[in-house]
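Each remark here refers to the structure printed beneath this line.
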Amino acid sequence: MDKTPLIGLAGAITLAMMTELNDQISSQALVDISGAIGMSHDPATWYESLYTSAEIIGMALSPWCAVTFSLRRFALFVVALCCLSTLGLITTGYPIVLFGLRVLQGLSGGFAIPLLMTTALRVLPPPIRLYGLAAYALTATFFPNLSTALAGLWTDLVGWHFIFFQCVPLGAVAGALIAFGLPQDPPNYGRFRMLDWRGILLVVVGIGSLSTTLMQGTRLDWFNSPLICVLGLTSLVCMPLLVINEWFHELPLLKIQLLLRPNFGYGALALFTFLIIASSSSTIPGAVLTQIAGYRPEQVYPITLEIAAAQLLLLPLMAIVLDIAWVDSRVVSFIGMTFVLAACIGSSFVTVAWQRDQFFLWQGLQACGEAMIVMPLLLMATNTVKPPEGPFAAGLINTPRALAEAVSAWVFELVNHWRGALHSDRLADQVGRERFRTWQANGVSWQHPAPLLPDGMPRSAGSVALFKQEISKQALALTLSDAFLVMAALTVVLMIILMTLPVRTYPPRIALAQFKPK
């Protein structure tokens with residue numbers, strides 16, 4: 001076997017890591033970035049929303065571009081696009097230019113992830129394909145959790161500029177490895193004659209409207225906002241048209257027919273749901289520690305670094321386990337979901353007194369579960385994919401995966417809005433009904449004195465404001481506990497669907513032995 005394409009695969013992995021870190025670190029350090037460039041809260045939400053929308057669009061278009069322009073040329077273009085757009089973000093203070101560069105950065109991120117899957121499916125023969133899938137799985141479990149550590153390093157110890165400068169060394173390494181390792185195929189410009197221009201238009205308008213609706217809906221008060229009404233109606237019309245167009249087009253962007261294969265359909269759907277559940281290992285614990293305990297990213301990172309470090313060991317181990325002929329990937333996935341379910345239920349007991357140490361046990365269970373879930377799902381989804389179908393499979397798996405980020409944000413905001421309002425009302429009612437014990441009294445204990453004295457005067461300067469802050473923290477803790485339970489419920493749904501899946505998945509060296517990569 002020629003080892004040179006493996007070097008190109010390493011370059012694709014580095015490119016995926018660069019774009020994934022650009023997204024995750026920018027999200028976690030958004031407060032520092034906004035303060036440094038003078039961006040207020042509302043524009044900052046568009047900073048995130050535009051990236052997510054552009055990333056989804058990029059993932060849908062990436063496989064078609066890779067085949068048309070050749071894998072090597074397009075990968076080098078993505079490296080250049082990512083580096084130039086990222087470095088340009090530092091040099092401008094104009095909102096329109098800033099958002100335009102952010103869209104380009106999101107497109108580069110969307111282009112990169114399917115390139116990694118396409119490259120792995122192309123250059124890896126069946127005996128070692130599982131290890132390529134383990135490398136791809138890093139983008140779903142390792143890089144998002146590593147980003148918290150790097151966000152703390154750049155913002156608290158070095159400087160926020162390095163959030164953007166990190167693309168320079170990673171881009172140089174990725175470009176060199178891709179240029180050396182990937183073979184140069186002739187471009188296939190004849191595909192432009194069969195260009196799915198209706199599909200491109202529907203992806204840009206429909207999926208862009210849907211993701212923006214999910215990301216901005218809570219802030220704009222949903223359908224009380226004319227913008228959300230227009231975007232929601234647009235996505236409602238465009239999404240069915242996109243499915244119909246892709247089904248009948250001779251050269252579609254997304255080959256919907258692949259979803260009819262039971263294992264591929266389940267794997268793609270379950271991976272979408274899994275990425276929503278995975279927020280319970282990073283977003284929700286981070287919210288507990290930053291918003292309740294007052295942690296900075298530098299102090300939060302040990303709990304996410306635990307998961308990131310574990311993936312480097314567990315993902316290759318899962319590849320070895322799943323390569324055993326008698327091991328059923330459905331059983332491995334079910335055990336992993338059990339770990340994640342236990343982690344979510346355990347974390348749901350969160351209180352305002354929780355610190356970093358209380359999360360280590362549950363994060364350890366989460367780390368084991370995520371590796372045991374994502375590898376079987378990728379095996380199920382790609383098991384019957386022939387090399388010529390690799391680009392179609394990459395687009396169909398990764399586009400919903402990118403949409404999962406927007407759906408995850410929507411679910412979190414939905415829980416925060418509805419359950420947060422409920423808990424705030426109940427706590428305020430409790431304070432009112434027992435005001436002489438909680439609000440205006442000598443206090444039950446010296447640790448938690450009432451903010452007012454019996455005569456109605458403040459106990460101390462700022463005591464009322466401090467009491468209000470404590471009530472808000474209690475409401476937030478109860479809300480985040482509910483968010484963990486929602487993730488547990490989604491995990492149970494996945495487990496039920498998995499138990500009904502009748503098709504056994506075999507390792508690629510057995511199931512795909514008759515196919516040889518190009």
Side-chain angles (χ1 to χ4, degrees), residues 9 12-13 16-17 20 113-114 116-121 124-146 262-278 280-281 307-341 343 364-385 390 393-394 396-398 400-401 404 491 494-495 497-499 501 503-512:
L9 177 61
I13 295 172
M17 178 174 69
E20 191 73 20
I113 305 300
L116 172 56
M117 175 171 281
T118 302
T119 304
L121 292 176
L124 296 177
I128 61 172
R129 177 173 291 184
L130 270 173
Y131 298 94
L133 295 178
Y136 173 82
L138 291 174
T139 64
T141 58
F142 175 69
F143 298 149
N145 289 289
L146 176 66
N263 278 17
F264 186 91
Y266 172 78
L269 175 63
L271 185 62
F272 168 81
T273 310
F274 163 74
L275 290 171
I276 299 175
I277 297 171
S280 62
S281 68
I307 294 182
Q311 303 310 303
L312 293 178
L313 173 64
L314 292 174
L315 288 175
L317 179 61
M318 285 299 104
I320 295 174
V321 171
L322 292 171
D323 199 36
I324 301 173
W326 55 267
V327 172
D328 193 336
S329 59
R330 296 172 297 181
V331 176
V332 176
S333 184
F334 187 87
I335 295 173
M337 291 176 188
T338 304
F339 280 125
V340 172
L341 179 62
L365 291 176
Q366 189 92 21
C368 296
E370 288 188 4
M372 297 178 72
I373 294 173
V374 70
M375 282 298 296
L377 290 183
L378 290 173
L379 176 60
M380 292 178 191
T382 62
N383 182 44
T384 57
V385 175
L396 205 55
I397 290 175
N398 286 286
R401 170 195 161 161
T491 306
L494 273 186
M495 296 171 74
I497 297 175
L498 179 65
M499 288 188 294
L501 192 67
V503 182
R504 169 72 188 276
T505 301
Y506 291 95
R509 61 184 176 84
I510 297 176
L512 291 174

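Sequence positions, counted from 1, serve as the residue numbers for this chain. Computed from a prediction, not measured in an experiment: that's the story for all the values here.
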Identify every side-chain donor-acceptor pair in residues 307-318 under 3.5 Å, counting partners at least two apart or on other chains, and give the distances.
residue, atom, partner, partner atom, Å
Q311, OE1, T141, OG1, 3.4
Q311, NE2, I307, O, 3.2
Q311, NE2, A367, O, 3.1

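Judged as a side chain to side chain contact (heavy atoms under 4.5 Å, CB included), and not counting sequence neighbours, the contacts of I335 are V331, F339, M372.
Distance check, rounded to the nearest 0.5 Å: OH of Y136 to CE of M375 gives 12.0 Å. L494 contributes atom CG, which lies 9.5 Å from atom CD1 of I276 (distance to the nearest 0.5 angstrom). The OG1 atom of T491 sits 6.0 Å away from the CG atom of L341 when rounded to the nearest 0.5 Å. Considering CG of L269 and CZ of F264, their distance stands at 11.5 Å, rounded to 0.5 Å. Here CD1 of I373 is found 8.0 Å from CD of Q366. Values are rounded to the nearest 0.5 Å. For the atom pair CG (L379) and CG (L322), the distance works out to 6.0 Å, reported to the nearest 0.5 Å.
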Working for side chain to side chain contact (heavy atoms under 4.5 Å, CB included), residues M337 and F274: CA-CA 9 Å; M337 291 176 188; F274 163 74; over 6 Å; no
Worked check of side chain to side chain contact (heavy atoms under 4.5 Å, CB included) between M117 and L378: CA-CA 10 Å; M117 175 171 281; L378 290 173; 4.1 Å; yes
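Counting heavy atoms from C-beta on, the side chains of L138 and M17 never come closer than 4.5 Å.
The minimum heavy-atom distance linking S329 with P376 is given by the pair O-CB, 3.5 Å. Summarising the geometry of L116 relative to A16, their closest heavy-atom pair is CD2-CB, 3.9 Å, with the distance given to 0.1 Å. For F272 against P400, the heavy-atom pair with the smallest separation is CD1-O, 3.0 Å.
Side-chain atoms of T118 come within 3.5 Å of backbone N or O of P114 as a donor-acceptor pair.
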